[in-house]
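The next block holds one structure in the form of structure tokens; read it before the comments.
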Amino acid sequence: MKPLLVFLVSTAWAFTRGQYYYQELMNYLENRMLAIEDRMELWNEQTHRYHSELKEFKKLTAETMNALGKDHSLLLKDLEGAAARVDHVEREMDYLETQTAPRACANKADKVLEQGAWSVEESRTDEEEEEDWEEVHCVDILSSIRSVKILKRVGSPKGMWIRDPRSSKVYVFNGTRGHSIYQFSSVLDFSSSPGVNHSRQIQLPSVWMGPGSTVYNGYLYYIQQEAGTEVQVVKYDLLSGSVTDTAMFPVESHAPVYTLNPETTADLAADDEGLWLLYANSDSEPNINLAKMDPATLDIEEMWDTRCPRENAEAAFIVCGTVYVVYNTRLASRSRVQCVFDVNDMVLSEEAPLLYFPRRYGAHASLKYSPEEKQLYAWDDGYQILYRLTMKRKLLV
Ligand SMILES: *[C@@H]1O[C@H](CO)[C@@H](O)[C@H](O)[C@H]1NC(C)=O
Ligand SMILES: *[C@@H]1O[C@H](CO)[C@@H](O)[C@H](O)[C@H]1NC(C)=O
């Protein structure tokens, strides 16, 4: 009996111990399983997130590819258009080369050191020269004519129109001389009005001559030439409606500055650098002259011979102290900028390529540049046209 009892006790003990270990093992395994389950859940979540992120990315890629495809076809179309235009211009150039003389003006004109009454050169010191250099902040040079907009047709074949940047008002000079001008409150008001019915008519104190006026800082500057009298520049305050100053013309000549527009005795222009006067020295002088005027006092500060011929010129405009002269033929064909003169000697002739205006109706009677909007207010056979310009920076030499 005794050994059996010992056996039983020891077996029970072993059994309990075995059960204890078994329980331990089970607990251990259960914990592991729980841990694995937790991690699997986490993975699941992450996979799900990755999956939706991937879907989003695929969608984006598809969209981008789509847009790229569209751009590509647009680009192709542009290229085709450009190629056609190049072709067209080439044919045009070929035709011109057979028709016309070489470029009207290839060299930079030298400054004319005027002697006598108009000269301000001698009194200048180097310091002043340096100051002048600092003042030259305007660095635009015309690179192309970006677009054209034909607004309307009002009045006679010749005339001019211009916008006052200060008030946004538009002034219309119908014909080649007159006692009055029309004023519109804006370009939109002008283009949407059925004629000149809704405009204000301004009676000037004297007759304006030729489409050579300009508006600068709220003042109208116009050329006055009454029978038997000298040519004068008149400064007229548009706000108060009175003449604030007049000045005699720098030369006695009544010769037109552009031979294709004989009514333009002189042409006033305003740009970022101030007020300018384009004129002819005499009938026998072949070139266009330029004077810088003080807009406050009408004093002439400096004069140049632009070396740009008057012959076959129809108009000119000034951007950043650079004169662009536009030429045509007597039987109006395409207008082109064919001579350039820069008072600061910074525009090289190679930088200013032969530039064509789009095909139009007749010939430009006037071209007025607006520095604020970088566009030209043109009058072409009675049509009022806006040319938007593209600029590039002058090379500083
Ligand atoms: C413009 O001037 C012409 C003459 O030059 C005249 O016949 C015409 O009636 C004028 N038009 C307006 C709108 O003043
Ligand atoms: C503008 O004036 C013309 C005549 O000059 C006239 O026929 C036309 O009806 C007027 N238009 C308006 C809107 O008053």
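Counting convention: from 1, in listed order, for ligands and their atoms alike. Every heavy atom of this structure was used, including side-chain atoms; hydrogens, water molecules and symmetry mates were not.
In this pair, Y324 and F317 present their aromatic rings parallel. The plane angle is below 30°, not in the 30 to 60° band.
Within the 4.0 angstrom cut-off, atom 9 (O) of ligand 1 has no protein heavy-atom neighbours.
Taking R330 as the reference, T259, L260, E311 meet the side chain to side chain contact (heavy atoms under 4.5 Å, CB included) condition, with sequence neighbours excluded. Partners of S147 according to the side chain to side chain contact (heavy atoms under 4.5 Å, CB included) rule, which considers only residues two or more places apart in sequence or in another chain, are R388.
Among all non-hydrogen protein atoms, the one lying nearest atom 14 (O) of ligand 1 is Y182 OH, 2.7 Å. Distance from atom 13 (C) of ligand 1 to its nearest protein heavy atom, with residue and atom name: V196 CG2, 3.6 Å. Looking at atom 4 (C) of ligand 1, its nearest protein heavy atom turns out to be S156 CB, 4.2 Å.
Side-chain contact of Q224 with S206: a donor-acceptor pair under 3.5 Å is present, judged by distance alone.
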Exercise for the section: Go through K368 and D267 one step at a time and tell me if the salt bridge (Lys or Arg N to Asp or Glu O under 4.0 Å) criterion holds. Expected result: CA-CA 10 Å; K368 296 287 158 181; D267 198 7; 2.7 Å; yes
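Comparing T176, N174, V154 by heavy-atom distance to atom 2 (O) of ligand 1, the nearest is N174.
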